[in-house]
Amino acid sequence: MLTLPPVVQPLTTTIPLAVKRSLELELRRRLGDEQVASDPLDLYVFGKDSGLVRGEPGLVVFPRNTTEVATIMRLAGRHGVPVVPRGSGTGLAGGAVTTGPHVLLVTTRMNRIGPVDVENRCVWVQPGVINLDLSIHTTPLGLHYAPDPSSQSVCTIGGNVANNSGGPHCLAEGTTVNHVLAMEIVTSDGDVLSIGGPAPDPTGLDIRGLMVGSEGTLGIVTDVLVNLLPPPPASRTILLAFPEVQNAAATVSGIIANGLIPAALEMMDQPMTIAVERFANAGFPTDSAAVLIAEVTGHPSAVDAEAELVRRLAVSHRATLTRIASDEAERKRIWLGRKSAFGAIAQMNPDYYLHDTVVPRTRLVEAIEQTYAISKRHDIPMLNVFHAGDGNLHPLMSFDASVPGVMERVDAAGRDLIEMCVAIGGSLSGEHGIGMEKRDYMHLVFDEMGLDAQARIREALDPDGRLNPGKIVPQGSRCFDFGRPPPVGAWV
Amino acid sequence: MLRLRPTATGGGLGVSLAISADGGSGLPTATPETIEEAAGLMANLPAGGDRIRIHGGGSHRGIGYPVSSDVILSTSGLDRVVAWEPDDLTVVVEAGVLVEELEQMLASKGQTALLPEQPGTGTVGGAIATAISGWRRYRYGPIRDRVLETTLVSSDGRVVTAGGRVVKNVTGYDIPRLATGSLGAMGLIARVCLKLWPVPQASATVPVESPEEALEVAYRPLAVLETREGAAVFLGGTPEEVSGQAAALGAVPTSGLNWPSHPSGAVRFSVRTPPSSLRGIVDGLDPGWTYLAQFGVGEVTVGAGEVDLEELGELRGRAESLGGALVMLDAPPSLAGAFDPWGTPPPSIEIQRRVVNLFDPGRRINRGILPGRI
């Protein structure tokens with residue numbers, strides 16, 4: 001079995017063996033042996049998410065309900081052992097990897113979908129529900145859950161909440177935070193708390209919004225009230241191909257400038273298109289520098305005109321192919337191709353490392369050109385697939401980690417990518433989160449006071465560091481003590 | 001008309017800032033012209049006389065518990081549009097920019113920040129501090145979905161930036177979302193980056209009999225509103241879509257968005273319920289009150305000359321039992337003391353208190369304004 005060296009060295013903590021044993025004993029007694037795993041193989045298997053960082057939990061627990069989550073939080077707290085929540089482990093930033101022998105709380109057995117409130121178009125779901133299962137469950141009622149990450153057939157709603165996950169269709173519909181109305185959480189103290197509600201604008205601060213994207217560092221989500229949408233009455237999916245990446249990017253800008261926000265605007269470069277086509281046979285042209293998938297949705301009387309506008313703009317930017325999917329089968333094939341991108345990569349090399357950064361949409365071309373330069377500089381092949389509509393890049397490095405020196409080059413290329421995106425006005429992550437992978441890059445986008453504010457949020461909700469320690473906020477961020485500075489002119 | 005202006009560099013700090021008396025309250029009022037000046041002012045107020053109240057355009061001054069303060073900080077000098085990137089659909093503005101002027105500027109290139117329609121003297125900072133969404137939220141979501149970056153000035157003069165100037169971002173905790181609706185309790189909201197939307201090519205207002213039925217027929221209209229004068233569906237999209245949707249609704253549309261007036265009266269409040277419960281709430285309103293109900297959203301804004309406390313209390317009880325709230329927007333002083341402006345605090349109130357206390361430990365800015373008197 002291949003073990004990759006960690007990209008980021010985790011902050012490790014040690015737990016005395018006697019404490020670990022006592023906690024395990026109590027957890028087994030309270031939850032039952034079936035709900036607790038401590039076998040070395042289990043600990044190894046659960047030591048990783050889909051990124052490159054590896055840790056090793058001290059114990060793995062599988063609670064079945066909120067009460068059990070609260071019990072775990074309280075028992076672990078009493079023993080001074082932090083708890084790290086995990087869904088399906090599809091995260092790419094090490095957010096669900098333990099930074100020490102902590103308790104890994106796996107939510108996959110909390111997978112109940114509540115009764116659908118059709119009138120208010122919402123439903124309570126437990127965090128372990130698989131994203132796609134939710135839409136499959138609600139489709140007969142004429143409703144679906146909008147955020148659709150490419151991993152939607154395996155990722156959980158709890159994980160989506162933790163990372164504020166997006167997906168190809170978040171351009172017009174928004175990311176997870178725009179679809180979560182309320183939640184129940186277990187706090188770092190083990191208390192159960194209800195946040196948000198079914199009515200708009202609950203009073204006070206939007207703690208619900210703060211929880212989304214907090215990567216399990218502020219509380220453990222045990223139930224989520226999500227918003228559902230009716231499917232659009234009509235949609236058109238358009239496949240476009242261009243001789244240059246610049247033409248595709250200009251088409252994206254042109255579409256937006258014409259006042260049209262499509263449901264999705266996805267781009268793939270030639271290396272990625274070749275890999276995908278070999279894998280999924282989606283009918284993508286492999287001789288073009290860039291392929292763009294645009295989808296417009298809405299009222300039946302609107303979509304044809306919008307699709308025609310997209311087609312016309314593409315032609316004006318030298319498109320060599322403009323094909324509107326003729327039926328649902330063709331539309332599905334196009335999306336299957338797009339969402340298979342990461343599977344396709346597996347054919348090329350044993351390992352891949354998927355990056356996630358975001359730049360202003362107007363800097364897309366520059367970002368892609370620099371990505372190619374970084375790829376060349378470090379001699380690491382990079383394939384590009386990205387949410388072009390919102391400037392969210394996903395350069396994908398393909399490599400064989402068993403070749404000596406490769407991991408160092410992958411690491412260096414990753415650093416260059418992040419620094420490049422920040423330098424052109426972008427940010428560290430669009431939808432995958434900070435986790436451990438990007439924690440030590442936070443200073444690139446936040447100054448001291450910005451980092452201090454991040455640390456204060458953490459301190460407000462988890463003062464003792466019981467939840468997912470070592471994530472998001474770099475060590476030493478909390479550097480300012482509040483208190484009035486001395487008045488000007490005072491002797492200090 | 002607003003013009004794009006570079007951010008002025010801070011000259012002197014707050015100590016040299018002119019402080020004038022506020023006409024209404026008689027309190028000293030500072031009007032910093034840069035974020036640095038605001039920070040300097042906050043850091044250098046004398047201890048013991050340092051409770052700060054923030055004033056924007058004054059359109060929503062009635063929200064929250066009454067605040068006693070020693071000094072007023074007006075955002076009217078923070079009036080720059082710092083950056084507008086039409087192709088990125090983002091704009092960076094300071095707090096004191098008037099909503100109306102910003103929207104006029106954005107409209108010149110066919111864009112909108114979807115800030116409240118008919119804002120009066122309202123400022124961008126005020127809209128964000130109060131989290132008052134525009135009526136188009138049924139289609140586009142609430143205001144906090146569009147606040148991408150905030151720069152806060154804390155009560156001890158620190159300048160804290162969070163979020164980023166990109167439309168999709170999960171870098172760090174979502175402090176912009178927390179600041180939206182914070183009424184300044186996490187710091188003066190001095191500068192924000194907002195996500196913009198294109199203004200639809202065509203729009204129309206379609207009168208309808210039943211908002212509920214209209215919501216079944218129309219596909220994602222901008223808004224479905226009802227007042228005492230009647231109900232209407234507000235449509236936006238391509239000309240084909242707007243005319244197609246209007247035809248499906250079976251009524252003669254008027255071109256453009258003919259927004260109704262805000263309900264007026266000495267007493268104004270907002271009732272929030274799950275969308276399907278709104279009809280019950282609206283039908284139970286006192287016939288002497290005016291209202292504007294947002295169907296599909298679940299909010300009704302009510303205006304009244306005077307109210308019976310018991311009647312108001314019963315209405316709040318019903319809203320809260322449905323998982324909603326009744327929030328006072330404006331009340332005469334006699335009512336302000338007798339009727340709680342927020343109602344039952346949410347269960348997360350202690351978390352809210354801890355967050356606020358870490359951002360403003362002395363609770364100097366708008367102290368006690370939030371639910372739970374935070």
Side-chain angles (χ1 to χ4, degrees), chain A residues 119-120 163-164 166 174 178 193-195 197-207 209-210 213-214 233 253 256-257 259 261 298-299 301-302 305-306 358 360-362 390-392 425-431 433-434 442 445 449-450 453-454 456-457 459-461 472 482 484-485 487-488, chain B residues 15 43-44 47 85 87-89 110 131 141 144-145 156 158-162 164-175 177-178 181-182 198 201 219 237-238 240-241 244-245 272-276 297-299 323-325 327 342 346-349 351-352 354-355 358-359 361 370-371:
Chain A
E119 279 198 315
N120 288 307
N163 291 293
N164 190 15
N178 308 118
L193 201 62
S194 145
I195 292 169
D201 300 330
T203 60
L205 300 185
D206 184 14
I207 302 295
L210 176 66
S214 65
S253 292
I256 305 283
I261 306 280
H299 199 261
S301 54
E306 291 179 358
V358 58
R361 183 168 33 228
T362 46
D390 37 34
N392 190 185
S427 199
L428 301 183
S429 174
E431 56 182 0
I434 299 301
M442 288 282 275
V445 287
M449 289 188 199
Q454 297 285 325
R456 273 173 214 270
I457 293 286
E459 186 177 323
L461 281 97
I472 302 183
F482 261 124
R484 309 279 307 275
V488 172
Chain B
V15 278
N44 290 297
E85 303 291 346
D87 291 345
D88 285 325
L89 290 172
R144 51 170 58 92
D145 287 357
D156 63 350
R158 300 188 186 286
V159 179
V160 174
T161 299
R165 296 180 185 183
V166 284
V167 295
K168 189 179 182 188
N169 192 10
V170 293
T171 308
Y173 299 119
D174 200 342
I175 292 173
R177 203 169 270 278
L178 267 188
S182 66
Q201 292 167 34
Y219 176 69
T238 58
E240 296 86 350
E241 177 180 1
Q245 292 236 55
R272 300 154 189 182
T273 73
S276 71
V297 171
E299 179 172 10
V327 173
W342 296 110
S348 65
I349 197 72
I351 288 183
Q352 300 192 26
R354 289 209 296 273
V355 169
L358 277 164
F359 275 72
L370 286 172

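Residue numbers begin at 1 in each chain, while the letters A, B, ... track the order of the sequences.
- For B:L89, the parts lying under 4.5 angstrom from a heavy atom of chain A are both the backbone and the side chain.
- The nearest pair of heavy atoms linking B:G172 to A:I472 is CA-CG2, 4.2 Å.
- Across A:G298 and B:Y219, no two heavy atoms sit closer than the pair CA-CE2, 3.4 Å.
- Of the listed residues (A:S253, A:P200, A:G259, A:G426), the one with the most heavy-atom contacts under 4.5 Å to chain B is A:P200.
- Residues B:R177 and A:D206 come closest through the heavy atom pair CG-OD2, 3.4 Å.
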Go through the steps to decide whether A:I256 and B:D87 satisfy the test side-chain contact (heavy atoms from CB on, under 4.5 Å), and finish with yes or no.
CA-CA 7 Å; A:I256 305 283; B:D87 291 345; over 6 Å; no
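- Among all heavy-atom pairs drawn from B:F359 and A:A453, the shortest one is CZ-O, 3.7 Å.
- Considering only heavy-atom pairs separated by less than 4.5 Å from chain B, the leading option among A:G166, A:G425, A:S194, A:G174 is A:S194.
- The contact between B:S348 and chain A is made by backbone and side chain atoms together, counting heavy-atom distances below 4.5 Å.
- Separating the CD atom in B:E240 from the CD atom in A:E306 is a distance of 8.5 Å, to the nearest 0.5 Å.
- Put simply, of B:I349, B:T171, B:V167, B:T161, the one with the most heavy-atom pairs under 4.5 Å next to chain A is B:T171.
- Ranking A:S301, A:A302, A:G209 against chain B, the residue ahead of the rest is A:S301, based on heavy-atom pairs under 4.5 Å.
- The side chain to side chain contact (heavy atoms under 4.5 Å, CB included) test with B:Q352 is passed by exactly one of A:I207, A:T203, A:L210: A:I207.
- Scanning for salt bridge (charged side-chain N to carboxylate O under 4.0 Å, His left out) contacts around A:E431 gives B:K168, with sequence neighbours left out.
- Contacts between A:I195 and chain B at a heavy-atom distance below 4.5 Å involve the side chain alone, from C-beta outward.
- A side-chain donor-acceptor contact under 3.5 Å links B:N169 and A:S427.
- For a residue to count as touching a neighbouring chain, one of its non-hydrogen atoms must lie under 4.5 Å from one of that chain's; by this rule B:V327 touches chain A with the side chain only.
- Using a 4.5 Å cut-off between heavy atoms, B:T273 touches chain A through its backbone atoms (N, CA, C, O) alone.
- Pairing each heavy atom of B:V160 with each of A:G450, the nearest pair is CG1-CA, 4.5 Å.
- In this structure, chain B has a heavy atom under 4.5 Å from the side chain of A:A305, while its backbone stays farther away.
- Comparing A:M442, A:R361, A:E119 by heavy-atom pairs within less than 4.5 Å of chain B, the highest count is held by A:R361.
- Under the side chain to side chain contact (heavy atoms under 4.5 Å, CB included) criterion, B:A131 pairs with B:I143, B:R144, B:T180, not counting sequence neighbours.
- Between A:N163 and B:V170, the closest side-chain pair of non-hydrogen atoms is not below 4.5 Å.
- If you measure heavy-atom distances from B:V166 to chain A, the contacts under 4.5 Å come from the side chain alone.
- Interface summary for chain B: among A:N392, A:I457, A:V358, the most heavy-atom pairs under 4.5 angstrom belong to A:I457.
- Heavy atoms closer than 4.5 Å to chain B are found in both the backbone and the side chain of A:L205.
- Using a 4.5 Å cut-off between heavy atoms, B:P371 contacts chain A through its side chain alone, with no backbone atom that close.
- Between B:G323 and A:A199, the closest heavy-atom pair is O-CB, 3.7 Å.
- Considering only heavy-atom pairs separated by less than 4.5 Å from chain B, the leading option among A:A257, A:G197, A:G213, A:G204 is A:G204.
- In terms of heavy-atom pairs under 4.5 angstrom with chain A, the leader among B:L178, B:V159, B:D174 is B:L178.
- Interface summary for chain A: among B:R272, B:Q201, B:E85, B:E299, the most heavy-atom pairs under 4.5 angstrom belong to B:R272.
- With a threshold of 4.5 angstrom between heavy atoms, A:D201 approaches chain B through its backbone and through its side chain.
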